[in-house]
Amino acid sequence: MKHFTICTILLTSVVAISAAQDKSKAKAPAGPGLTLTTSAFEDGAVIPNKFTQADAAPVSPKLEWSNVPPNTVTFALIFHDPDVAIQRKPDDVLHWMIFNIPGTAHELAEGVPANATLADGTVQAKNLRGAVGYMGPGAGAAGPYHHYTFELFALDTKLDLGPDATRADVLKAMDGHILAKGILFGRFHR
């Protein structure tokens, strides 16, 4: 019986020491996540007219991001209006989709030109209207404000897609490669 008691005490001590060592090796709390901002408007605020269809030639707002996770190869940005169901389907209005933004980038300048491929390899796909590049918010005056959402994804890969890619293509290609996601939204109606 003494032998059993000594073994039990030793085993309990080893388990307690092992647990204490595991606690000391615990990871530090995670830092802030990928953060997407703009100087054009506050998160959740009304989007100024120069970035919307209230302007004859709307431009994309300057977007900046921080807290980029390690090993980010590229970014993808999807700008959409989730308040609309197109043709009674779960699809909403795609205003802008831009991907293969270099992982070293920390911003998109205001007024990104409507070119399918930019000089740094960034690719812009077609929006709901079938045009490449940014399409400003355009909700009518009737009804509530629409919530326009910018979703930025940090990816561990470059997407093997071109400007003819659909949102479904991009989402499928990103699946399993998303390191982090940042969201910014603004409201608008005429």
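- Using a 4.0 Å cut-off between charged nitrogen and carboxylate oxygen, Asp83 and Arg187 do not count as a salt-bridge pair.
- With rounding to the nearest 0.5 Å, the separation of CD1 in Ile78 from CD1 in Ile98 is 11.5 Å.
- Side-chain contact between Asp43 and Phe185: present, with at least one pair of heavy atoms (C-beta onward) separated by less than 4.5 Å.
- Considering Phe51, Tyr148, Tyr134 in turn, Tyr148 is the only one that fulfils the ring-ring contact (aromatic ring centres under 6.0 Å, His included) rule with His95.
- Counting all heavy atoms, side chain and backbone alike, Asn115 lies closest to Gln124 at O-NE2, 2.9 Å.
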Go through the steps to decide whether Trp96 and Leu108 satisfy the test side chain to side chain contact (heavy atoms under 4.5 Å, CB included), and finish with yes or no. CA-CA 13 Å; Trp96 194 21; Leu108 286 172; 3.9 Å; yes
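- Nearest heavy atoms, Ala165 versus Ala125: O-CB, 3.6 Å.
- With rounding to the nearest 0.5 Å, the separation of CE in Met174 from CZ in Arg167 is 10.0 Å.
- When all heavy atoms are compared, the tightest approach of Leu34 to Ala180 is CB-CB, 3.8 Å.
- Taking both residues in full, the closest heavy atoms of Phe99 and Ala76 are given as CB-CB, 3.8 Å, listed atom of the first, atom of the second, then distance.
- Under a cut-off of 6.0 angstrom, the local environment of CD in Glu42 is sparse, with at most 12 non-hydrogen atoms contributed by other residues, nucleotides or ligands.
- Closest approach of Ala105 to Ile101, counting heavy atoms only: CB-CG2, 3.9 Å.
- Nearest heavy atom pair, residue Ala173 against residue Leu161, reads CB-CD1, 3.8 Å.
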